[in-house]
Amino acid sequence: MIPEIKKDNGIETLYVNGEPFFALAGEIHNSSASDLDFMEKNVWPNLRGLNMNTVIVPVYWDQIEKTEGEYDFSLVQGLIEQARDNNMKLVLLWFGLWKNGESMYVPGWMKKDTETYFRVKKVNGESINTISPLCEKAVEKDAAAFKRLMRFLKAFDSEKNTVIIIQVENEIGLLGTACDYSDAGKDEFAKAVPSELLEKLNKKSVEDNSWQAIFNNDAEEAFMAYHFAKAVETITASGRNEYPLPCYANAWLKQYPWYAGSYPSGGPVVQMHDIWKVTAPSLFTLAPDIYVSYVPDIMDEYHYEGNPLFIPEVRKDAVTATYCLYAFGKHNAICYSPFGIEELAMDPDSIDRPPMAVMMALNIDPTAFDIAGSKDYLAKAYQLINEIKQLLLKYRGTEHLQSFVKHSENDFGTLLRFENYNLQVAYAPREKFKPVGGGMVFELEPDKFLLVGTNCNFTFMPSASENCKVGVLEYEEGNFREGKWIKNRVLNGDESMAIGLGAMPECKLIEVYKY
Ligand code: DGJ
């Protein structure tokens, strides 16, 4: 049974072998998957103990089609076999025409033929290392190679379903220019916005249908978004015709300094989703790569009806454990995946970080790479998600499950309203190398609650008009095993005076009453 996205109680959910599947994942570094021995020695052993069920790995076009028209899938086959040996599912990243705004993974024969496979030009005529999405011949070649990859996956993997999802390209867009000023780019930009796009966006203006008139300040970005989305649709549809695995595209976020070209112009940032959605309908979602400090705000933005939350890359400092709980508790995530996951098992001081100048140039928050403590915190968060999976499936989308997170330094807590009680949640002050306040509360019965999360305290209160107090009947720590609560200590004494969750993700069950 091929993996698919379908609705479970109205919520878009990934099904693998006919069962809902939450991808508790990690993305490996770009080059790790180019050498199976390296994977054996330096990647698979490092993933043990993280409680992951999925690894996100690249597939490189230049390694698959070294000679034009001749395909070699031995590396992909080896990765699938290794994943099976390690009891993991795979999300494959198709590093085809575009990766981080450039064309670094296209085969050599294409790189060198700059005449046929023309590049994007800046306004001054300078070529950049990005093949133009207006180059139909290049898009056709990518679509042909992607089709062959999917044909291979169908033949080799359609019984075991180790590969569950495909990302098409990576962080598409143009860096250093908002628009493609090649001859083809200039000619197209001078034309009207295609009427089909105007109709789908409900934007038709009879007087002037130029990109400038329709999209104003965003004209160049919108033009590139349309052409990148069109190319990605051609590529995705060609592959899914062979083997219809769910496919998505990922975005380098729109962020400081906020102008197109400082982040990749034309990529699937949320501001361009309307264009991407109507132009690339073969994608099931548009995913954010989140390294900024305001991770929860990005999740809030990128999850909406028709765009389930899939996070292929996210920061990997200790806060990631809390954000993972929020992704599944609040946003019904399909996948959560810190980047460079194989490093979590390593000594934090031995990690290669981009030099500070590069981080500043790319606007990367250096603390996103502080991995002290992360492995244990993330492993426990993944363990908890696994343990409470049946509860999540039962309560998602109802008022009996509420999730919360410390959004910023100035966010001190929140108030959750349940049927019988109001629940004040106070976030602990942020500490270096520790998760932040966040988690979820399940109202299992009107007086019985499961608290799951990190670094917060809870005060149960009657609703405003009630003249009474709330006391603790039973307060337990424990775990879920096969859907059943297994209690450890009972905390009805001192601990019940400050009901809370610590830095290590945990679960507590509490029954309260009114007096
Ligand atoms: C985002 C890209 O999508 C990844 O492939 C990788 O280059 C990371 N950035 C590095 O931080």
Side-chain angles (χ1 to χ4, degrees), residues 23 25-35 38-39 43 54-63 79 90-106 129-130 165-176 228 232 247-256 261-270 272 276 283 285-293 295 298 302 309-317 319-320 323 335-344 346 348 351-371 374:
E27 182 168 323
I28 62 173
H29 276 289
N30 290 170
S31 306
S32 301
S34 60
D35 178 6
F38 184 89
M39 288 293 292
V43 177
T54 303
V55 192
I56 305 191
V57 302
V59 168
Y60 321 92
W61 185 11
D62 59 353
Q63 301 304 306
L79 289 169
L90 291 177
V91 171
L92 298 184
L93 310 174
W94 172 240
F95 283 2
L97 266 172
W98 300 293
K99 155 84 172 79
N100 294 33
E102 292 196 26
S103 295
M104 27 175 106
Y105 285 104
V106 304
N129 188 25
T130 309
I165 286 191
I166 312 277
Q167 177 185 297
V168 185
E169 314 295 336
N170 188 81
E171 292 192 348
I172 283 171
L174 303 181
L175 283 170
F228 274 118
V232 168
C247 291
Y248 71 95
N250 66 330
W252 169 329
L253 300 178
K254 176 168 182 166
Q255 61 195 90
Y256 175 83
S262 70
Y263 61 89
S265 178
V269 295
V270 77
M272 291 292 128
W276 269 84
L283 302 173
T285 204
L286 301 169
D289 290 348
I290 323 179
Y291 295 93
V292 292
S293 55
V295 176
I298 300 295
Y302 277 74
L309 188 65
F310 188 106
I311 306 181
E313 295 181 41
V314 62
R315 49 191 302 143
K316 57 177 176 240
D317 48 338
V319 294
T320 214
Y323 297 151
C335 173
Y336 190 85
S337 168
F339 179 79
I341 193 75
E342 65 267 50
E343 282 176 356
L344 289 198
M346 292 162 62
I351 303 303
D352 274 348
R353 290 150 167 265
M356 190 52 85
V358 174
M359 293 213 221
M360 285 177 71
L362 296 178
N363 193 23
I364 295 174
D365 172 1
T367 62
F369 296 88
D370 284 340
I371 58 163
S374 291

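Note that ligands are numbered from 1 as they come in the structure, with each ligand's atoms numbered from 1 the same way. Note that these values count all heavy atoms, side chains included, but never hydrogens, waters or copies made by symmetry.
Tyr291 and Glu313 share a side-chain donor-acceptor pair at under 3.5 Å. With no hydrogens or angles considered, a side-chain donor-acceptor pair links Glu342 and Ser32 at under 3.5 Å. No hydrogens or angles considered: nothing links the side chains of Thr285 and Tyr302 as a donor-acceptor pair under 3.5 Å.
Taking a cut-off of under 4.0 Å to the non-hydrogen atoms of Asp289, the atoms of ligand 1 that pass are 3 (O). Taking a cut-off of under 4.0 Å to the non-hydrogen atoms of Glu171, the atoms of ligand 1 that pass are 1 (C), 2 (C), 3 (O). The contact set between ligand 1 and Asn170, taken as ligand atoms under 4.0 Å from a residue heavy atom, comprises 2 (C), 3 (O), 5 (O).
Of the N or O atoms in Asn30, one or more lie within a sub-3.5 Å distance of an N or O in ligand 1.
Between Leu93 and Tyr105, every side-chain heavy-atom pair lies at or beyond the 4.5 Å cut-off. Contact of the Trp98 side chain with the Thr130 side chain is registered, since non-hydrogen atoms from C-beta on lie closer than 4.5 Å.
Under a 4.0 Å heavy-atom criterion, His29 is not in contact with ligand 1.
Heavy-atom proximity to atom 10 (C) of ligand 1, evaluated over Phe339, Trp252, Phe95, Phe369, is greatest for Phe339. Closest to atom 9 (N) of ligand 1 by heavy atom, among Gln167, Glu313, Glu27, is Glu313.
For the side chain to side chain contact (heavy atoms under 4.5 Å, CB included) test with Arg315, the passing option among Ile290, Val295, Asp289 is Val295; the others fail.
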